[in-house]
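Worksheet: one structure, shown below.
Throughout, a chain's letter reflects where its sequence line sits, starting with A, and its residues are numbered from 1. Quantities reported herein were computed from a predicted structural model and do not represent experimental measurements.
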Amino acid sequence: MADVTPSTSKKKSGKAKPAPKGKAKAPEAKTNGNSTDATGLRTKTDRPLTSSRQDLALDQSTKISSSDVCVFYGDKQALFDVNVDILSNHVTALIGPSGCGKSTYLRCLNRMNDVIDIARVTGNIIVDGIDIYDPDVDVVELRARVGMVFQKPNPFPKSIYENIAYGPRIHGLASSKSDMDEIVENSLKRAGLWKEVHDRLHEPGTGLSGGQQQRLCIARAIAISPSVILMDEPCSALDPIATAIVEELIEELRQNYTIVIVTHSMQQAARVSQRTAYFHLGYLVEYGETDQIFQAPKDERTQNYITGRIG
Amino acid sequence: MVGYLFLAIAIISLAGFYAGRSKAQTSVGKLSELHSLPNFHGGFIAAWIGIPSIIVVLLWLLFQGTVIDNLLLSSLPADKVEGMDQAQLSLVLSEVRSVAAGNIFGDPEPHIIAAAERYNSWYSISRWSMVAVALAMCLIALLFTRSKISGRFRARHRVERIMDGIMVVCSVIAILTTFGIVVSLLVEALRFFDLVSPLEFFFGLNWEPQIAIRADQVTGGGAFGAIPVFIGTLQIAFLAMSVATPLGLFSAIYLTEYSGPRFRKAIKPVLEILAGIPTVVYGFFAVLVVAPSMREFGATIGLDIAPNSALAAGAVMGIMLIPFVSSLSDDAISSVPDAMRHGSYGLGATKGETIIKVLLPAALPGIMGGILLATSRAIGETMIVVMAAGIIATLTMNPLEPVTTVTVQIVTLLIGDTEFDNPKTLAAFALGLVLFVVTLMLNILAQRVVRKYRERYE
Ligand SMILES: Nc1ncnc2c1ncn2[C@@H]1O[C@H](COP(=O)(O)OP(=O)(O)OP(=O)(O)O)[C@@H](O)[C@H]1O
Ligand SMILES: [Mg+2]
């Protein structure tokens, strides 16, 4: 934990963005009400709005901030005091050797660890100023805003069309059949799957190839327009062309959404992300600008990993 | 005798197994030079020793009786059997047999005594030659197959082929048995339809199958219109399923998706105890508890409920069927991979939405299987209905009145009667045929439904 490089972007998360959905108290108040001191510490540190990658003219408000996040699976601790601030309209890449806790951390961000019986999460995670582990928070609503693409493609045993329509239908996003058709078509197009499946939308989604299923799951996740999209190795089964399409999609989504992506490909992390976090054995070792992580890593373990000596 | 022979064959087979194994092991320097593992060589020899000799013994036992009987008949002095017909001959035969067995009644004629002695000696000759043949076959098989064993001998493929053969034989036996049952059912049912027109049976509204004990009695013919019986069966099955399906399905959903693991562990066996209660006990329960309390309750709201009613029988049968529906649904729902649940939760679905839109469709084949299994149990159930719904075939749709079902009628038709020559007893076969056809169609329908709605997951 001593190695953890603190988040470089520390600013008042609450002031940059209005508290959403009228549900939250002012984030500042929220933080104060919270007994965890670390949160208070971080949000009070002001920092000017600068970034080394100035191609991004968007503001750098914190979308998600996590402090002292620990995760236990039964008695086994899988994550140790992770502190990361994820910025709005940024792509944040999580890298690290297999089993280091990337998926575990990602699942904390939309409380998908809740559905794993033995998992227990401690610490604070604030999304849009709301502590998402607060008992008042509606998990269902949270997951509609923080969407997820799972590591293993898991299409429902339904038709391709129904797979995409599932989310919009439960959230009432389409008012008519033609609306729904449009959402389905759009989502499939953006995930780069439309051409392959447009003439067999009513065949089962489980009949697709592994890579097609992966894109189907991406399309399914973006169909409900979440404001944060968590992607767990979305390109692991894709060829270079489909990967390029997904990376383009990520770049495009960044205009409006915040993206966290787990990847085992250094090149991909370097290509698509603005920030990178390196995890090692459950610890967040280093977090910062992607350029800095890849060109001048501060920690030896990061250095070893990105040059191919670990993992 | 035969038991000892089978024991001997088994011992020789076992010996052959070890002989083959050790020969295979010693025939090569290293075990890896063998084409097949030593056990396959042993199995090959054991199969060739055991299977043919056992088949021969079984065939021998099957035919020796007929052969000896025929020999015996032709050896009887011609003047004694002159002009006898089949029935008389078989009477003579059985007399010879009982004398041979030592049961002598009165004074048997000398030619019968002589025949009985021949009979006994032929039997022992036959038996000993059977033993000799079987053992000889075992030994020949042992020598012959053992000589074939060598390092490159493909014992694995041979054993595989023998296993294939055994499996084919087993499935043929199962199929032939089913076929035989269907044919006998069909033949007897056709005899019934010779006596009673199918039109009356399938469309008649009056079921009074009693037959006069003497031909001149007034109750005479009897009526064989089976509609009331069919209606009663459907009514009770429907009542039972409308109790069992929601209770079973909802408890399965609760157990898999909502309850904690400890509660689930405690409650599942309890639910399965329901399946272990004998149906007679359910019958008691229906007659002694459910029916009277229904009657009382009916009286307070001004309804006249018969002491035997379809409702009591159906409701209790429904309770009995809960575990069929719940345990199969439970298995089906819990075998849907967690990835499906996570995918649905990840899209912001609630538990209820996930269950209705993802889990139930994915588990549908299993759930349908459970429901159909329970339905065929409901149609075939006898005991509860005999006790709680009665045996009188009333044509009614009112669940508060007594009705009867196909199985109950089959039982009442056959009780005390073993002569299958009048329409009363033959009617049982016609009912059985209908039951069989209905269950078969139910199964086919189930498979169609399941195939149509099957949703596959990886
Ligand atoms: N459901 C679970 N139950 C128990 N332990 C788990 C569970 N999920 C993850 N773990 C453990 O937590 C640790 C981190 O797992 P995680 O899946 O987050 O790794 P990861 O970084 O995503 O690895 P990969 O790159 O292989 O996907 C591992 O040691 C793993 O064994
Ligand atoms: Mg992972």
Side-chain angles (χ1 to χ4, degrees), chain A residues 103 106-107 109-118 138-159 162-173 203-210 213 216-217 219-226 229-232, chain B residues 253-268 328-369 447-458:
Chain A
S103 301
L106 207 63
R107 279 198 296 269
L109 302 182
N110 66 347
R111 289 185 57 174
M112 280 305 290
N113 280 329
D114 290 17
V115 301
I116 298 174
D117 286 334
I118 54 169
D138 180 1
V139 186
V140 166
E141 197 189 317
L142 169 74
R143 291 187 191 138
R145 285 195 296 124
V146 183
M148 183 159 206
V149 178
F150 292 84
Q151 182 163 5
K152 257 180 36 204
N154 56 347
F156 299 129
K158 299 174 179 296
S159 70
E162 285 303 317
N163 259 284
I164 313 279
Y166 183 82
R169 202 164 275 155
I170 55 181
H171 298 297
L173 300 184
E203 283 170 31
T206 41
L208 296 175
S209 77
Q213 290 187 11
L216 182 65
C217 292
R220 185 174 77 181
I222 59 180
I224 54 171
S225 314
I229 301 179
L230 311 174
M231 296 181 160
D232 203 342
Chain B
I253 292 175
Y254 177 75
L255 285 180
T256 48
E257 298 301 309
Y258 290 94
S259 72
R262 209 175 307 155
F263 183 73
R264 179 184 152 93
K265 224 182 250 165
I267 217 71
K268 255 197 104 163
L328 275 156
S329 308
D330 186 315
D331 291 346
I333 295 173
S334 48
S335 69
V336 177
D338 266 347
M340 296 299 120
R341 293 182 182 80
H342 295 176
S344 176
Y345 295 144
L347 289 168
T350 60
K351 210 159 192 167
E353 286 163 341
T354 305
I355 290 167
I356 291 171
K357 295 192 174 166
V358 177
L359 298 185
L360 290 186
L364 191 69
I367 295 172
M368 286 295 294
Q447 277 171 5
R448 284 274 165 83
V449 169
V450 165
R451 206 172 313 143
K452 181 144 186 264
Y453 293 100
R454 159 152 298 163
E455 296 189 323
R456 276 176 303 128
Y457 35 82
E458 314 284 270

> Measuring heavy-atom distances to chain B, does R107(A) have an atom under 4.5 Å in its side chain, in its backbone, in both, or in neither?
Replying inline: neither
> I224(A) versus chain B, heavy atoms under 4.5 Å apart: side chain, backbone, both or neither?
Replying inline: side chain
Would you check if [X] and [Y] make a side-chain contact, meaning some heavy-atom pair closer than 4.5 Å?
X       : Y       : answer
K357(B) : I170(A) : yes
R341(B) : V115(A) : no
V140(A) : Y345(B) : no

> Taking every heavy-atom pair that is under 4.5 Å apart, which of R169(A), R143(A), K152(A) has the most such pairs with chain B?
Replying inline: R143(A)
> Which atom names give the shortest non-hydrogen contact between P361(B) and K158(A), and what distance separates them?
Replying inline: CG-NZ, 4.0 Å
>> Minimum heavy-atom separation for Y166(A) and S344(B), please, with both atom names.
In response: OH-OG, 2.6 Å
>> Would the distance check show the side chain of N154(A) and the main-chain N or O of M340(B) forming a donor-acceptor pair, the cut-off being under 3.5 Å?
In response: no
> Say you draw a straight line from CE of M148(A) to CG of L347(B); how long is it, rounded to the nearest 0.5 Å?
Replying inline: 11.0 Å
